[in-house]
Amino acid sequence: SGGKKSGGKKASANKRSAGRSSKPARVRSAYQFFVASRRAEVLQTHGVTDGPEAFALVSRLVADAWGEADAGERARYEACAAVDKQRKAVESLKGSFSASKTALALGGCLV
């Protein structure tokens, strides 16, 4: 019979994920650090259960909070993004990404 072998998609997905691990993680923006630090708080404050159905609501609430954040609060997350940008530069030079959590932890931005 001319059917596909089972597991064909899984093998190609594994090859793709294996290729990604050799590259440094992308640089996270200040907004991404803000979302990571605020998501759980928004879920709890608004009594929302985490899941795909809550994604739009939580995203809107966090985006509103980002819009209302003052310059001092934004500066904290912009500093985290700057540290992450440096982490990416170091990893790109080294050819590995073992230092990523260390760089973020040293900057106080591990979220």
Side-chain angles (χ1 to χ4, degrees):
S1 67
K4 288 184 172 181
K5 291 182 181 180
S6 64
K9 288 184 180 180
K10 194 172 194 176
S12 64
N14 288 340
K15 286 180 186 176
R16 273 185 265 138
S17 64
R20 285 187 211 139
S21 65
S22 64
K23 290 179 164 181
R26 295 178 89 174
V27 175
R28 293 170 60 187
S29 69
Y31 179 72
Q32 288 171 316
F33 280 103
F34 181 80
V35 169
S37 71
R38 289 292 187 91
R39 183 170 174 73
E41 178 186 331
V42 168
L43 288 168
Q44 185 177 24
T45 302
H46 294 280
V48 179
T49 304
D50 196 11
E53 63 283 346
F55 181 80
L57 173 65
V58 174
S59 295
R60 186 175 67 244
L61 292 170
V62 172
D64 290 346
W66 178 251
E68 295 170 2
D70 63 16
E73 188 174 10
R74 282 182 179 232
R76 176 178 158 216
Y77 297 102
E78 289 165 0
C80 290
V83 168
D84 198 42
K85 187 174 182 178
Q86 291 174 346
R87 182 255 333 145
K88 168 83 182 233
V90 169
E91 290 175 7
S92 295
L93 291 174
K94 285 185 170 182
S96 72
F97 63 116
S98 61
S100 64
K101 293 206 183 273
T102 304
L104 291 176
L106 289 174
C109 300
L110 189 59
V111 181

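Note: hydrogens, waters and symmetry copies are ignored here, and every other heavy atom, side chains too, is used.
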To the nearest 0.5 Å, how far apart are CZ in Arg26 and NZ in Lys85?
14.0 Å
Would you give the length of the straight line joining atom NE2 of His46 to atom CG of Leu57, rounded to the nearest 0.5 angstrom?
7.5 Å
What is the distance from atom CH2 of Trp66 to atom CD of Gln32, rounded to the nearest 0.5 Å?
10.5 Å
Look at atom CD of Gln44 and say whether more than 12 heavy atoms of other residues, nucleotides or ligands are closer to it than 6.0 Å.
no
Does anything in residues 62-71 form a salt bridge (charged side-chain N to carboxylate O under 4.0 Å, His left out)? List the pairs, not counting sequence neighbours.
none
Tightest non-hydrogen contact, residues Lys88 and Pro24, listed as CD-CB, 4.0 Å
Do Cys80 and Arg28 have side-chain heavy atoms sitting under 4.5 Å apart?
no
Residues forming a salt bridge (Lys or Arg N to Asp or Glu O under 4.0 Å) with Glu41, sequence neighbours excluded
Arg38
Do any N or O atoms from the side chain of Arg74 and from the backbone of Ala30 form a donor-acceptor pair under 3.5 angstrom?
no
Can you give me the closest heavy-atom contact between Leu43 and Thr49, atom names plus distance?
CD2-C, 4.3 Å
For Phe34 and Val62, work out which heavy atoms get closest and say how close.
CE2-O, 3.5 Å
Holding to salt bridge (Lys or Arg N to Asp or Glu O under 4.0 Å), I want the full list of residues that pass it with Arg39, two or more places apart in sequence or in another chain.
Asp50
